[in-house]
There are 2 protein chains.
Amino acid sequence: MAERGRPRSFDRQAALERAMDVFWERGYQAAAMSDLTEAMGINSPSLYAAFGSKEELYRAAIHHFAATESDDILAPLQSEPTARAAIEGYLMASARIFTRPGRPPGCMVVLSAVNAVGVGDETSRLLREMRAGSVTMIEERLQRAIAEGELPAALDPHPIAGYYVTVQQGMSIQARDGASRQTLETIAQGAMAAWDGLTRPRAVAREPALMPR
Amino acid sequence: MAERGRPRSFDRQAALERAMDVFWERGYQAAAMSDLTEAMGINSPSLYAAFGSKEELYRAAIHHFAATESDDILAPLQSEPTARAAIEGYLMASARIFTRPGRPPGCMVVLSAVNAVGVGDETSRLLREMRAGSVTMIEERLQRAIAEGELPAALDPHPIAGYYVTVQQGMSIQARDGASRQTLETIAQGAMAAWDGLTRPRAVAREPALMPR
DNA sequence: CCATTTTTATAACGATCGATACACAATCGA
DNA sequence: TCGATTGTGTATCGATCGTTATAAAAATGG
């Protein structure tokens, strides 16, 4: 069962984490191979043997980001008892994660490849699906709240989820501009001020809470 | 008064607009000199003679963007009679400008250099000041509404302005992901649902509308 | 017409980009 | 111990990056 050949002299997972930090901070295009190999403590042939290419390494870093940072942000959607607390927790967790000391500010999935140029179709699709995945998760949480009677049955979860994800993505930009955790938390509270208006039951087909899908 | 030497064979302003489109769509780093010269219809020596360098051309493009697109977005802040209509107009104008057919989606100032790497300090500062300028303009509009008695005197305009600018920046990300004008308008309406909660007068120092600056 | 000035197109500069060829080192099974 | 296999370090590949040297072209003033 033992591996054949010369064993790898570096920790693949640790090197991936260092690569993630480089992509996270500099973005995909601005992250040069020399930046990556220096941060990972290896030479480029080792990088290519272990990860395939720069873009494959980037995708691996995105998946690692999703398995660590993203999960911390999305956890409140499952753990909080009410839909309102779930979304508030989602935004407040974002404020905390986006301003962790010593870590790049904002969300890697949102910031590291906003301009899809220079990145392949597969990677572009992966990023877009991940961003859309947040909308789906919030949507499902709202749907659950409707099923449990917390929210009115006539409510359309999709535009509400889209609104809160948009706020969270704006918070990434703000974090990149130097906004503090406190500032981001204030923004999150501002977004929650829309909750009652968005979820209040109202006469159907006369004044919809939010318009189209 | 006539110019000496061989006259320039291209329209400087028209070339600048085409360069703006390239930076807007691809971002600063991904916009190669060959992309720019091809779009502008000139050779690189002409570009350098007319604009100095790639980064100076980028700054000129940013200023041109501010003088055209940005002004359309910020106009409702001055023209609308109430603070609420002003901010709603700001968001609805953003939804329209961000999804103009045949134009790059989203805001160039927000999207074209999110990762400040590879761009000089002067350009980085210019972009950050422009983003902060939107907050200031909204803040001043809210302050005017307070002076006119439309909003309670105890209100702090700064966090409210920060909240709405954050939503607008999130709308840029959404536009880049393919959101339609209608979708962005729905998000804008969602953000306006927070208005009453954010501007309602309340007991001072007990439950502040939004926390710190 | 000629000297001067500015722009033009061609061609190429050094630097850096992502990616590899190559020879050597280190492990395995037999 | 030896062939097979895999990883490592060096050195470099062709392509492209932003930028510029050079000389011809097109205007001016005198």
Side-chain angles (χ1 to χ4, degrees), chain A residues 1-16 18-20 22-23 25-62 112-113 115-124, chain B residues 1-16 18-19 22-23 25-61 112-113 115-124:
Chain A
M1 193 53 188
E3 302 285 346
R4 303 243 307 186
R6 177 174 176 171
R8 183 176 288 133
S9 66
F10 62 94
D11 185 321
R12 190 183 189 277
Q13 196 69 7
L16 177 59
R18 296 197 185 103
M20 178 186 75
V22 174
F23 284 126
E25 180 173 358
R26 303 181 64 86
Y28 174 73
Q29 323 201 37
M33 285 297 300
S34 54
D35 297 324
L36 293 166
T37 54
E38 184 182 3
M40 300 165 82
I42 62 178
N43 296 112
S44 48
S46 298
L47 189 155
Y48 279 86
F51 297 99
S53 69
K54 180 190 174 185
E55 187 157 355
E56 289 178 86
L57 172 62
Y58 178 56
R59 282 199 292 270
I62 291 173
S112 67
N115 304 303
V117 278
V119 64
D121 291 346
E122 182 178 347
T123 304
S124 180
Chain B
M1 195 51 190
E3 301 286 345
R4 303 248 305 190
R6 178 172 175 172
R8 183 177 286 136
S9 65
F10 62 95
D11 186 320
R12 192 184 188 276
Q13 197 69 6
L16 176 58
R18 296 198 184 101
V22 175
F23 284 127
E25 180 174 358
R26 303 181 64 85
Y28 174 74
Q29 323 202 36
M33 285 297 301
S34 54
D35 298 324
L36 293 166
T37 54
E38 184 182 2
M40 299 164 82
I42 60 177
N43 296 112
S44 46
S46 299
L47 189 155
Y48 278 85
F51 298 100
S53 69
K54 180 190 174 187
E55 187 156 356
E56 288 178 85
L57 171 63
Y58 178 56
R59 282 199 292 271
S112 67
N115 303 303
V117 279
V119 65
D121 292 346
E122 182 178 347
T123 304
S124 179

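Please read all numbers here as calculations on a predicted model, not as lab measurements.
In this structure, S9(B) does not reach the dT7(C) phosphate: none of its side-chain N or O atoms is under 4.0 Å from OP1 or OP2. In this structure, S34(B) does not reach the dT16(D) phosphate: none of its side-chain N or O atoms is under 4.0 Å from OP1 or OP2. Not one side-chain nitrogen or oxygen of S53(B) sits closer than 4.0 Å to the OP1 or OP2 atom of dG18(D).
In this structure, the CZ atom of R8(B) is 9 Å from the C1' atom of dT7(C), given to the nearest Å. Rounding to whole angstrom units, CZ of residue F51(A) and P of dT8(D) are separated by 11 Å. Between Q29(B) atom CD and dC17(C) atom P the separation is 12 Å, expressed in whole Å. Per the geometry, CG belonging to N43(B) stands 13 Å off C1' belonging to dT20(D), to the nearest Å. The distance from atom CE of M40(A) to atom P of dG18(C) is 13 Å, rounded to the nearest whole Å. If you measure from atom CG of L47(B) to atom P of dT8(C), you get 11 Å, rounded to the nearest angstrom. When rounded to the nearest whole Å, the span between CE of M33(A) and P of dA19(C) equals 7 Å. Rounded to an integer number of Å, the gap from F23(B) CZ to dG18(D) C1' is 12 Å.
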CA sep, side-chain torsions, deciding dist, call: M40(A), L57(A), side chain to side chain contact (heavy atoms under 4.5 Å, CB included): CA-CA 12 Å; M40(A) 300 165 82; L57(A) 172 62; 4.0 Å; yes
Run the numbers on F51(B) and L16(B) for side chain to side chain contact (heavy atoms under 4.5 Å, CB included), then give the verdict. CA-CA 9 Å; F51(B) 298 100; L16(B) 176 58; 4.2 Å; yes
Determine, step by step, whether L36(B) and I42(B) satisfy the side chain to side chain contact (heavy atoms under 4.5 Å, CB included) criterion, reporting the C-alpha distance in whole Å, the side-chain angles of both residues, the deciding distance to 0.1 Å, and the verdict. CA-CA 9 Å; L36(B) 293 166; I42(B) 60 177; over 6 Å; no
Polar-atom pairs under 3.5 Å, protein N or O versus N or O of nucleotides 22-27 of chain D: list them with distances, or write none.
residue	atom	partner	partner atom	Å
dA25(D)	N3	R6(B)	NH1	3.3

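The backbone N or O of V117(A) lies less than 3.5 Å from no partner atom in the side chain of R26(B), so there is not a single donor-acceptor pair.
At a threshold of 4.0 angstrom between heavy atoms, the contacts of A30(B) with the nucleic acid are absent. Within 4.0 Å (heavy atoms only), A32(A) reaches sugar-phosphate atoms of the nucleic acid but no base atom. Base contact: S44(A) has a heavy atom under 4.0 Å from a base atom.
Under a cutoff of 6.0 Å and an axis angle of 45°, K54(A) and Y28(A) form a cation-pi pair.
Smallest separation of non-hydrogen atoms from V22(B) and A31(B): CG1-CB, 3.8 Å.
The side-chain contact (heavy atoms from CB on, under 4.5 Å) test with E122(A) is passed by exactly one of R59(A), E55(A), E56(A): R59(A).
Nearest to the side-chain atoms of F10(A) among the listed nucleotides dA19(C), dT8(D), dT20(D) stands dT8(D).
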